[in-house]
Amino acid sequence: MQLNLLSCGQDRPDRRAIARTLEDIADGLDYNLANELTNILIEGSPVDIEVSFNESSAFRSLRKLQIDYEIVE
């Protein structure tokens with residue numbers, strides 16, 4: 001399933017927690033790429049990721065970090 005991460009609603013986002021979550025839920029992301037995508041997301045640009053395993057857990061993790069997302073497919 002393709003997700004479009006739109007924005008992070010936290011006042012002071014925890015970059016390390018977001019990067020670790022992206023690495024855990026997204027297919028084919030290592031920690032370095034997760035860090036880059038985290039920086040892009042926090043700066044205000046949307047990020048696309050692919051999630052194929054345990055989607056409900058991925059949604060829960062994103063909501064916990066106050067990351068707005070939309071399901072593309």
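The shown structure was predicted, so the numbers you read here are calculated from the model rather than taken from an experiment. Numbers here simply count residues along the sequence, with the first being 1.
Residues Ser61 and Asp24 have side chains not in contact (no heavy-atom distance under 4.5 Å, counting atoms from C-beta outward). Side-chain contact between Leu62 and Leu3 is present, with at least one heavy-atom pair separated by less than 4.5 Å. The closest side-chain heavy-atom distance from Ile42 to Ile18 is below 4.5 Å.
Taking both residues in full, the closest heavy atoms of Leu22 and Ile49 are given as CD2-CD1, 4.2 Å, listed atom of the first, atom of the second, then distance. Shortest non-hydrogen contact noted between Ile71 and Met1 is CG2-SD, 3.6 Å. The two residues Asn4 and Pro46 have their closest heavy-atom pair at OD1-CB, 3.5 Å. Residues Cys8 and Pro13 share a closest heavy-atom pair of SG-CB, 3.8 Å. Closest approach of Ala19 and Asn35 over heavy atoms only: CB-OD1, 3.2 Å.
Distance CG/Leu33 to OG1/Thr38: 9.0 Å, rounded to 0.5 Å. Atom-to-atom distance recorded for Leu65:CG and Ile67:CD1 is 5.0 Å, nearest 0.5 angstrom. Thr21 contributes atom OG1, which lies 12.0 Å from atom CG of Leu29 (distance to the nearest 0.5 angstrom).
Connection of Leu5 to Ile40 is established within a shared hydrophobic cluster, with ILVMFWY side chains joined at heavy-atom distances below 4.5 Å, either directly or through further cluster members.
Side-chain polar atoms of Asn39 and Arg15 form a donor-acceptor pair below 3.5 angstrom.
Remark: Phe59 engages Tyr69 in a ring-ring contact (aromatic ring centres under 6.0 Å, His included) (not counting sequence neighbours). Considering only residues two or more places apart in sequence or on other chains, Glu50 meets the side-chain contact (heavy atoms from CB on, under 4.5 Å) condition with Gln2, Asp27.
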